[in-house]
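First the proteins, then the strands, lettered A, B, ... as listed; each starts at 1. Below, each value reflects all heavy atoms present in this structure, side chains not excepted, and no hydrogens, waters or symmetry copies.
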There are 2 protein chains.
Amino acid sequence: MQPDQLSLTLSAIADPTRRAILMRLMDGEASVKELAAPFEMSIPAICKHLKVLEGAGLISRGRNAQLRPCRLEAQPLREAVGWIEEFASFWDTSLNRLDGLLERLQATDATAKKN
Amino acid sequence: MQPDQLSLTLSAIADPTRRAILMRLMDGEASVKELAAPFEMSIPAICKHLKVLEGAGLISRGRNAQLRPCRLEAQPLREAVGWIEEFASFWDTSLNRLDGLLERLQATDATAKKN
DNA sequence: AGCATATCTAACCGATCAGTTAGCTAACCG
DNA sequence: CGGTTAGCTAACTGATCGGTTAGATATGCT
């Protein structure tokens with residue numbers, strides 16, 4: 001089963017190396033070698049990370065002589081933001097209204113209170 | 001190396017089953033059995049997913065007789081939203097408001113000079 | 001006490017992941 | 001042309017993942 005776009009996006013940015021690469025790309029396009037420089041990691045390893053990011057649509061690649069510059073494509077993150085914000089809103093309401101939680105505890109009866 | 005909190009959160013919600021569980025929990029607390037019901041998956045499999053979610057701080061567990069009800073804890077998602085919105089804002093400014101052209105010119109210029 | 005229910009742990013399995021090294025291809029430059 | 005540089009693929013490895021079955025544990029019911 002091939003994963004949905006949202007899962008692709010989220011698992012792509014779940015890796016700290018890939019997040020660092022994306023943040024680097026906010027400063028503008030960069031070559032593979034430039035992207036690899038800050039990491040103690042082989043070039044092929046970076047290539048694999050780039051492939052994951054490209055597969056998730058988070059970057060796109062150009063061609064400039066021997067270089068294959070990477071460019072940020074932040075569009076898929078929109079969906080991710082949308083999904084997560086559902087829960088951010090839940091967080092706002094549920095933490096701002098703690099009594100809702102209390103109601104729930106009381107509703108399941110006083111036996112739950114022990115322990 | 002143990003992963004940072006943000007990576008924990010993002011990889012936890014990168015799985016569709018776990019996202020479905022979280023969405024279910026927006027309707028209120030639920031037992032493991034209730035959470036497992038919609039899935040064609042064994043109970044221990046669900047337990048593992050719950051453990052991942054708990055490890056990421058996205059749910060907490062109570063105790064009510066034999067039940068160990070799960071409750072949504074959306075707080076860690078705040079950090080995730082914060083991180084992703086950095087890029088959402090990049091998307092807004094560079095694609096919608098089109099200084100993208102300028103950025104790209106600067107970027108190719110920079111890569112041309114480096115090496 | 002004895003049984004049923006809810007949940008978890010342990011052990012295992014196949015697939016995927018994140019990294020490596022070695023070697024290939026393509027473009028530039030002398 | 002030959003050599004250098006950038007990037008990629010292939011093949012391998014150890015770790016982690018997502019699931020399973022079997023069995024342990026804890027609580028409630030009669």
note = Each nucleotide of nucleotides 16-23 of chain C classed B (base within 4.0 Å of a protein heavy atom), S (only sugar-phosphate) or -, in 5' to 3' order, makes --SBBBB-
request  = Determine, using the 4.5 Å side-chain heavy-atom cutoff (strictly less than), whether B/L67 and B/V32 are members of one ILVMFWY cluster.
outcome  = no
Would you tabulate the side-chain donor-acceptor contacts of residues 38-59 of chain A under 3.5 Å, counting partners in other chains and residues two or more places apart, or write 'none'?
{"from": "A/S42", "atom 1": "OG", "to": "A/A45", "atom 2": "N", "distance (Å)": "3.4"}
{"from": "A/H49", "atom 1": "ND1", "to": "A/R18", "atom 2": "NH1", "distance (Å)": "3.1"}

query = Expressed in angstrom and rounded to an integer, what is the separation of B/I21 atom CD1 from C/dT7 atom P?
reply = 13 Å
task = For A/E79, enumerate each residue passing the side chain to side chain donor-acceptor pair (under 3.5 Å) test, keeping only those at least two apart in sequence or located in another chain.
result = none
query = Could you give the CD-to-C1' distance, from B/Q66 to C/dA6, as a whole number of Å?
reply = 6 Å
ask   = Reckon B/R63 has a side-chain N or O less than 4.0 Å from the OP1 or OP2 of C/dA6?
value = no
Separation of C/dC8 C1' from B/R61 CZ (nearest whole Å) = 9 Å
Heavy-atom side-chain contact between A/P69 and A/S31 under 4.5 Å = no
key: Between P of D/dA26 and CG of B/N64, the distance in whole Å   = 18 Å
task = Using atom NZ of B/K33 as one end and atom P of C/dC8 as the other, report the distance to the nearest whole Å.
result = 14 Å
Sequence-distant partners of B/R19, salt bridge (Lys or Arg N to Asp or Glu O under 4.0 Å), two or more places apart = A/D4
key: Nucleotide C/dT9, atom P - distance to CG of B/L50 in whole Å   = 11 Å
ask   = A/L8, A/I21: one ILVMFWY side-chain cluster at the under-4.5 Å cut-off?
value = no
task = Could you check which of D/dC8, C/dA27, C/dT7 has an atom nearest any side-chain atom of A/A65?
result = C/dA27
query = Between the side chain of A/T9 and the main-chain N/O of A/Q5, is any donor-acceptor distance below 3.5 Å?
reply = yes
query = So, is A/K51 close to the D/dC8 phosphate, meaning a side-chain N or O under 4.0 Å from OP1 or OP2?
reply = no
request  = For B/I84 and A/W83, run side chain to side chain contact (heavy atoms under 4.5 Å, CB included): C-alpha distance rounded to whole Å, both residues' side-chain angles, the deciding distance at 0.1 Å, then the answer.
outcome  = CA-CA 11 Å; B/I84 295 186; A/W83 191 90; over 6 Å; no
Bend angle of the helix from C/dA1-D/dT30 to C/dG30-D/dC1, from helix axes over five pairs at each end, nearest 10° = 10°
inquiry  = Without decimals, in angstroms, what is the distance between B/L67 CG and D/dT27 P?
reply    = 12 Å
task = Output all residues satisfying side chain to side chain contact (heavy atoms under 4.5 Å, CB included) with B/A30, sequence neighbours left out; order by chain, then residue number.
result = B/R24, B/L25, B/E34, B/L35
